[in-house]
Amino acid sequence: MKFCVFTLGCKVNRYESDVMIEKLSRCGYEVTDSLEYADAYIINTCSVTAEADKKSRQAVARVLKFNPEARVYIMGCSSQYDFMQFADKPNISLISGTASKAAMLDNIMSGISPLNFPPCLMVPLPDIYEQEGIPHPSKSRGLLKVQDGCNNFCSYCIIPYLRGRSRSRSLKSIIEEAWLQSRYTDEIVITGINISAYGKDIGSDLTELVKALSVVPVRKRFGSLECGVINDGLLSAMGDCGFCDHFHLSLQSGSDSVLKAMNRHYDSAFYLEKVELIRKYFPNAGITTDIICGFPGETEENHAESMQTVRRARFSGGHVFVYSEREGTPAAKMPQEPKEIRSRRAAQIAELIKAGETEFLTAQRGKTYRVYLEEEEDGWSVGHTSNYIKVYTRCNSLKKSVNLKIGELYKEGVKAYE
């Protein structure tokens, strides 16, 4: 029997899918993560936006094009948000949510489906971190999940309602898995729903995590951080313990009044202070971000403030999002800005981000970096520097780290040479 585990959404979903793939493989099943013919499809869904829900629903039709007779199993954030949106889809054999994904495989592999209709096995969200197994070895950089859930309740975000409260994985378990992953990869990406909350529930913190991971002989990288956790202790530990000089530091808005409406617990001045502190410890740091444009109540003055913050931060890249209403969040009940205004503001912010990226990449020319080459693309070997510059090279050393000199701008990054 052949399974396909199809993943939508974030790195946490990807990690959890890899855990399921490993469990299925160990039980003797043929398994793939590519959309192709299979006897059964497990769809690991996303619900960060209404569009993500739509794509999750559409995934059912996509997989059945490969095998109209296949069984389909739904799990993840979208089914946690509203399992009934999948109830009328064909071939659905089981619907579950975000909890106990790997454990649900026991039901799937035994062929047991619940008797009620729609076929649903929603279990309560856990109070402590669920340790559900070790993921299948990564094809490129390894993902290491250290935390789940979120307590922040930003006014635009549905995820805390779907993933539950923040809960941290034990240091012992993290280190054990990191050692296993180091057999297959030269770089590990630390991931979670809100990594910055790591340790608060178990008497630890990110700095202790960084120091504990120092014994694992691979490069380490944080997936995303909040500015509130940036301090001298963390940055010093990262510099001493093999962590990358790349910080994806979520901003969301550069306007203080919008940040307050978003329920983000900092202002633009505080954020910029943390950016400068990072550059004190890591002068060549790549600092990327996320920004939402057109949040409810955002004025032209607020937008101008946000643009000014972006200019001052000098980001090396980032993701710019047009605000979209998410039913079930406080922001969805606020007076909404016209969609054309949201799009215009997003385009202007994106232009600023791109200018900062070009400036950053140009300044790196001639510098030599250690690059982990992950994949091939149109005849190039492609990887990333420690500060997250995407590198294209003719060096044929996939799955290895090599020293390369940064050259001219190319596609989404730069060319580099031995």
| ring pair (Phe, Tyr, Trp, His ring centres under 6.0 Å) involving F243 - partner list, sequence neighbours excluded | F222
| field | Distance-only donor-acceptor check, side chains N302 and T299, under 3.5 Å | value | yes
| Does some side-chain heavy atom of V322 sit less than 4.5 Å from a side-chain heavy atom of C293? | no
| query | What residues form a salt bridge (charged side-chain N to carboxylate O under 4.0 Å, His left out) with R312, not counting sequence neighbours? | reply | none
| Do we see a donor-acceptor contact under 3.5 Å between the side chains of D245 and Y281? | no
| I158 side chain near Y81 side chain, heavy-atom distance below 4.5 Å | yes
| Looking at R169, E176, E177, which hits side-chain hydrogen bond (donor to acceptor under 3.5 Å, both in side chains) with S173? | R169
| task | Indicate whether any N or O donor in one side chain lies under 3.5 Å from an N or O acceptor in the other, for N151 and S166. | result | no
| request: For the residue pair K23 and R26, establish whether any side-chain heavy-atom pair is separated by less than 4.5 Å. | output: no
| query | Would you say S214's side chain and V210's backbone share a donor-acceptor pair under 3.5 angstrom? | reply | no
| According to the ring pair (Phe, Tyr, Trp, His ring centres under 6.0 Å) rule, which pairs have a member within residues 146-184, sequence neighbours left out? | F153-Y161
| What about F360 and F315, are their ring centers closer than 6.0 Å? | no
| message | Side chains of T185 and Q181: any donor to acceptor distance under 3.5 Å? | response | no
| task | Locate the shortest heavy-atom distance separating L143 from K11; write the atom from each residue and the value. | result | CD1-O, 3.6 Å
| request: Show your reasoning for whether ring-ring contact (aromatic ring centres under 6.0 Å, His included) applies to F3 and Y29. | output: CA-CA 7 Å; F3 279 90; Y29 293 99; 5.2 Å; yes
| query | Using 4.0 Å as the upper bound for N to carboxylate O, is an ion pair formed by E298 and R342? | reply | no
